[in-house]
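This report refers to the structure that appears directly beneath it.
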Amino acid sequence: MSEKILVIGESRDGVLRNVTFEAIAAAKKINADAEVVGVICGSENLNDLAQEMIYYGADRIVTVKNEKLTSYTSEGYGQAVLAVIEDENPYGIIMGHTAVGKDLTPKIASKLEVGLISDAVDIHVDGGQTVFTRPIYSGKAFEKKVITDGLLFATIRPNNIPALDRDESRSGNVEEKSVEISDLRTVIKAVLRKASEGVDLSEAKVVVAGGRGVKSADGFKPLYELAEVLGGAVGASRGACDADYCDYSLQIGQTGKVVTPDLYIAVGISGAIQHLAGMSNSKVIVAINKDPEANIFNVADYGIVGDLFEVVPMLTEEIKKL
Ligand code: FAD
């Protein structure tokens with residue numbers, strides 16, 4: 001059996017996503033002695049990204065540089081990563097459970113005719129077997145899964161497996177692999193992004209989320225102020241999105257983003273089951289709601305019963321004093 005675990009790196013706007021570093025830590029949890037080989041695809045700046053992966057614990061990096069890999073497509077990245085897998089013959093592959101990870105890994109698994117464990121929140125070795133823990137039933141329960149035969153292939157949920165400390169004294173080889181990418185059936189002409197500022201919601205350590213109780217787009221302003229003093233991001237319930245108080249890109253829940261920050265502050269959110277599906281695994285949950293019977297208090301570690309328009313500015317002012 002090869003002693004290599006591949007970590008598929010993911011970058012956005014020329015910067016590696018944090019979950020890439022968490023995937024390196026996950027690979028080390030599977031086998032601290034395995035060689036962790038990072039894979040980075042793209043068309044520029046690959047050596048800088050490679051170096052960063054090495055600082056976070058990767059032993060060696062393979063880059064695949066090609067103009068056709070400038071933007072992510074499952075077809076282009078699939079060909080590139082499969083070529084690296086064929087060369088390296090790893091016994092494990094880990095990637096972040098992001099939009100890209102969710103798209104790319106099933107394609108690779110089906111090409112390789114192997115299984116895939118998606119959305120793991122923990123990995124540990126028990127009696128020589130690697131056990132992956134993943135949420136089921138919208139986060140209401142967890143299952144433990146093992147792969148009894150073949151490649152250990154998994155995606156990991158961001159913010160659950162802590163990355164190793166960045167260590168600039170680490171070094172490792174960076175090898176460029178040339179891969180012939182066939183003409184792509186999908187070509188990305190331009191990426192138009194909605195203007196968004198600040199911390200990425202999926203990877204934020206602190207999330208301040210507003211619901212229908214916030215009552216208007218203006219009502220979100222105090223939430224942005226609180227998020228800013230905490231260095232966090234703003235999210236929302238579908239109730240708030242449906243009411244047009246904020247953009248759907250902020251929606252958290254079963255049909256929105258799944259977040260697991262260190263601190264989740266739910267403001268004017270009732271705690272519908274579909275909302276809990278996206279945030280109930282947060283490490284500490286604080287709920288602010290004027291209704292003491294609101295379901296959100298059932299999952300909250302700390303609850304504040306009160307009017308959010310009084311409580312949120314007070315909290316912001318107090319935190320500013322710290
Ligand atoms: P409400 O339920 O209206 O709650 C508002 C809360 O604000 C109340 O608890 C109220 O007491 C409180 N409040 C009001 N004024 C104040 C004040 N001044 N101070 C303090 N508190 C105040 N929902 C999601 O969030 N995410 C999803 O991904 C999602 N997916 C869904 C998928 C399906 C198939 C379906 C059917 C529904 C889905 N929903 C989802 C919708 C979900 O069922 C709820 O309708 C929604 O979460 C309610 O949003 P809310 O808590 O903001 O609003």
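Whatever order the structure lists ligands and atoms in, that order sets their numbers, starting from 1.
Among residues two or more places apart in sequence or in another chain, the salt bridge (charged side-chain N to carboxylate O under 4.0 Å, His left out) test is passed with Asp48 by none. Residues satisfying the salt bridge (charged side-chain N to carboxylate O under 4.0 Å, His left out) criterion with Lys205, sequence neighbours excluded, are absent altogether.
Residue pairs satisfying the side chain to side chain donor-acceptor pair (under 3.5 Å) criterion with at least one member in residues 216-225, sequence neighbours excluded, are listed as follows: Asp218-Lys221.
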(Q) Go through it in stages, so that I can follow the logic: the residues are Ile273 and Ser138, the test is side chain to side chain contact (heavy atoms under 4.5 Å, CB included), and I'd like the CA-CA distance, side-chain angles, deciding distance and then a yes or no. (A) CA-CA 9 Å; Ile273 190 77; Ser138 299; 5.9 Å; no
**Q.** Derivation of the side chain to side chain contact (heavy atoms under 4.5 Å, CB included) call for Ile288 and Ile265
**A.** CA-CA 7 Å; Ile288 304 169; Ile265 307 180; 3.9 Å; yes
Q: Begin from the C-alpha positions of Ile108 and Met95 and carry the test side chain to side chain contact (heavy atoms under 4.5 Å, CB included) through to its verdict.
A: CA-CA 12 Å; Ile108 292 173; Met95 188 176 185; over 6 Å; no
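Near ligand 1, residues Gly211, Arg212, Gly213, Lys215, Ser237, Arg238, Gly239, Gln251, Ile252, Gly253, Gln254, Thr255, Gly256, Gly268, Ile269, Ser270, Ala272, Gln274, His275, Asn289, Lys290, Asp291, Gly306, Asp307, Leu308, Phe309 come within 4.0 angstrom through at least one heavy atom.
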